[in-house]
Amino acid sequence: MEGRRRLSILHNCMIITMDDQERVFKDGAIVIDGDKIIAINQSSLILKEFGTTGHDDVEIINLNGKILIPGLINTHVHTSQQLGRGIADDVDLMTWLHKRIWPYESNMTEEDSYISTLLCGIELIHSGVTCFAEAGGQHVSGMARAVELLGLRACLVQSTMDSGEGLPEKWGVQSTDYCIQSQKELYAKHHNTADGRIKMWFGIRQIMNATDKLLFETRDAAKELNTGIHMHVAEIAYENEFVTKTREVDHGTVTYLEKIELLQPNLLAAHSVWVNDTEIGFLSKAGVKVSHCPAAAMRMLGFAPVKEMLDAGICVSLGTDGAPSNNRMSIVDEMYLASLINKGRETYLKGTTDPTALPAETVLKMATINGAKSVLWDNEIGSLEVSKKADMVIVDPFSWSMLPVHDCISSLVYSFRTENIEAVMCNGQWIMKDRKIVNIDEGQVFSLAKEASQELLKRAGITIPSRMNFI
């Protein structure tokens, strides 16, 4: 009969909404119609209103006291680097970049990018991620094909460079016009595809590989198309030295980006480790979003002033970075690290302990609603609210890793592990159920990834020195 529709009701669960009122329903229920949430309330009220024969095809799922949270958002991840996990461990930054990562990336094919994104996507989904911001890589069409198949939501960008030393011969130096035009073509091809789950952004790899013309034209093109810019910003100390020498400013990258009006609300600045108080003020005033990547920062970059940025009103979210920078693509792990690392930093700076630095509720916001704001999608995702998209994660706390749960928010930051994630929904569709990815054969992807990674390293001429005397 016309007007009848299929509804899904998830009830008897603790719902962490992450909405403006920070509501938590101890015995809550949520109603999904297609790809959207149409009701949230106490289980008894929802079942009374929707769980009747007045609606056809009502699917009622009893979650038996489990926890329902918004889909987690990873705001900085190189999906095309997944096949390079382990190729650059325990090496200095220049070896990491010039001898491992750039040779690896420059020898990739579109099929490699597709397989790498599938492999990365599997790990993202298992860690509760429903949306990610690609940090930049080659062969974006391969990424898009994988994202569409997996059922994820993503902001994709091309790794864009038009200058700089050490670039692989195979790449050469691409013209600024090519860099901008190729991204506009990707936008026309992929933006709002996959049922609206894919957005195309503009990417700038870093200021040391960008001419002023590329910076200006990226700024203007993103404004024209009303989309975002993803850029590594103030990542290492040398970057600021480079900028002060070549751009005639008194500090570094953020100072220069402020001067040329590239600091805008649509800029997602990754890392932002080496910024001073004045530059934190610039970022805040401009509404720039910052992706904090705790594990990658500790590995090679340094302590980002996250507390100072949050205190200044900057929207800070969480990212994993790529597999050669972190090895673990788990925002669950990054939540735990973010809180501990930044507590430790406060203790170091002040000479006394500060356990209140970056409390659990702040960290959970970074992984959810702040992530949504960072990818310019908070009108649809990042919290469980009526009219928003049905992106959510079922967490099973009844295990050795989380029990007992005295404080659900605290437990989700300090005790929560990927093993506790039972199911993941994106855009109203289950993409993982009973801890199994729905849309692909994981084993088949693993086999493809093993073969593709070996062939890729051969083409790139990358050899990993042995640490042991194998017999």
Side-chain angles (χ1 to χ4, degrees), residues 1-73 125 128-131 151-153 195-197 361 364-365 367-369 371-373 377-398 402 405 407-409 411-412 416 420-435 438:
M1 184 180 296
E2 190 177 351
R4 298 292 178 95
R5 60 197 187 275
R6 178 177 177 80
L7 302 178
S8 293
I9 301 174
L10 282 61
H11 74 102
N12 188 18
C13 58
M14 180 174 289
I15 302 178
I16 315 294
T17 66
M18 301 308 296
D19 65 8
D20 288 341
Q21 300 170 44
E22 300 181 349
R23 292 181 301 165
V24 175
F25 292 90
K26 289 185 177 180
D27 180 8
I30 193 165
V31 186
I32 301 157
D33 183 1
D35 63 354
K36 287 188 176 179
I37 298 166
I38 64 168
I40 304 177
N41 212 322
Q42 302 296 339
S43 286
S44 58
L45 297 175
I46 289 291
L47 292 174
K48 182 178 179 180
E49 181 178 356
F50 293 93
T52 67
T53 55
H55 299 273
D56 284 355
D57 297 325
V58 178
E59 177 189 34
I60 300 177
I61 302 172
N62 187 341
L63 294 185
N64 297 305
K66 292 168 187 170
I67 301 173
L68 196 66
I69 62 172
L72 302 179
I73 300 169
I125 294 169
V129 166
T130 55
C131 177
L152 281 164
R153 195 182 297 279
D195 298 321
R197 289 183 285 106
E361 59 270 25
L364 193 56
K365 283 182 181 178
T368 54
I369 191 61
K373 291 175 181 177
W377 225 329
D378 53 302
N379 62 321
E380 292 190 307
I381 62 174
S383 59
L384 300 179
E385 300 183 64
V386 171
S387 82
K388 282 198 171 186
K389 296 290 187 180
D391 289 13
M392 58 192 72
V393 177
I394 297 174
V395 177
D396 180 0
F398 305 117
M402 287 188 72
V405 179
D407 178 328
C408 60
I409 303 298
S411 292
L412 285 169
F416 181 29
N420 295 108
I421 296 172
E422 182 177 284
V424 178
M425 175 183 284
C426 182
N427 218 39
Q429 300 293 318
W430 294 109
I431 58 176
M432 185 173 81
K433 292 181 76 175
D434 298 322
R435 297 179 173 83
V438 172

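Below, all heavy atoms of this structure are taken into account, side chains as well, without hydrogens, waters or symmetry copies.
Between Gly71 and Val393 the shortest heavy-atom distance is CA-CG2, 3.9 Å. Residue Lys36 comes nearest to Ser387 through the heavy atom pair CD-O, 3.8 Å, listed as atom of the first residue, atom of the second, then distance. The two residues Phe50 and Ala39 make their nearest non-hydrogen contact at CE1-CB, 3.7 Å. Taking both residues in full, the closest heavy atoms of Arg197 and Trp377 are given as O-CH2, 3.3 Å, listed atom of the first, atom of the second, then distance. Scanning both residues, Val129 and Leu152, for their nearest heavy atoms gives O-CD2, 3.3 Å. For the residue pair Ser43 and Gly28, the shortest heavy atom distance occurs at OG-O, 2.9 Å.
Rounding to the nearest 0.5 Å gives a distance of 7.5 Å between SG of Cys13 and CG of Asp27. Atoms CD1 and CD1, on Ile38 and Ile30 in that order, are 10.0 Å from each other to the nearest 0.5 Å. The distance from the CD1 atom of Ile73 to the OG1 atom of Thr130 is 6.0 Å, given to the nearest 0.5 Å. To the nearest 0.5 Å, atom OG1 of residue Thr17 and atom CD1 of residue Ile40 are 6.5 Å apart. Separation of atoms CD1 (Ile381) and SG (Cys131) is listed at 4.0 Å; rounding is to 0.5 Å.
Within the structure, the salt bridge (Lys or Arg N to Asp or Glu O under 4.0 Å) test picks out the following pairs touching residues 58-72 (sequence neighbours left out): Arg6-Glu59, Lys66-Glu422.
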Check residues 425-435 and write down every donor-acceptor pair under 3.5 Å in which the side-chain atom is one partner and the other belongs to a residue at least two apart or another chain.
unit_1, atom_1, unit_2, atom_2, d
Asn427, OD1, Arg153, NH2, 3.0
Arg435, NE, Glu419, O, 3.2
Arg435, NH2, Glu419, O, 3.3

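With sequence neighbours excluded, the residues satisfying side chain to side chain donor-acceptor pair (under 3.5 Å) with Arg23 are Asp19. The salt bridge (charged side-chain N to carboxylate O under 4.0 Å, His left out) test applied to Lys373 returns no partner, not counting sequence neighbours. The side chain to side chain contact (heavy atoms under 4.5 Å, CB included) check on Val24 picks up Met14, Ile16, Cys408, with sequence neighbours excluded. Every residue meeting the side chain to side chain contact (heavy atoms under 4.5 Å, CB included) condition with Asn64, not counting sequence neighbours, appears here in chain and number order: Asn12, Asn62. Remark: Asp378 engages no residue in a side chain to side chain donor-acceptor pair (under 3.5 Å) (not counting sequence neighbours). Residues passing the salt bridge (charged side-chain N to carboxylate O under 4.0 Å, His left out) test with Glu22 are Lys365, sequence neighbours excluded. Every residue two or more places apart in sequence or in another chain that forms a side chain to side chain donor-acceptor pair (under 3.5 Å) with Ser383 is listed here: Glu385, Lys388. Asn379 pairs by the side chain to side chain donor-acceptor pair (under 3.5 Å) definition with nothing, not counting sequence neighbours.
Counting only heavy atoms from C-beta outward, the side chains of Leu364 and Ile409 approach each other to under 4.5 Å. In this structure, the side chains of Leu68 and Ile394 come closer than 4.5 Å at one or more pairs of heavy atoms. A heavy-atom distance below 4.5 Å is found between the side chains of Ile37 and Met392. The closest side-chain heavy-atom distance from Leu384 to Ile15 is below 4.5 Å. Using a 4.5 Å cut-off on side-chain heavy atoms (C-beta onward), Ile69 and Leu412 make contact. When side chains are defined from C-beta on, Val58 counts as touching Ile9, because their heavy atoms get closer than 4.5 Å.
At distances below 3.5 Å, at least one donor-acceptor pair connects side-chain atoms of Asn420 with backbone N or O atoms of Asp396.
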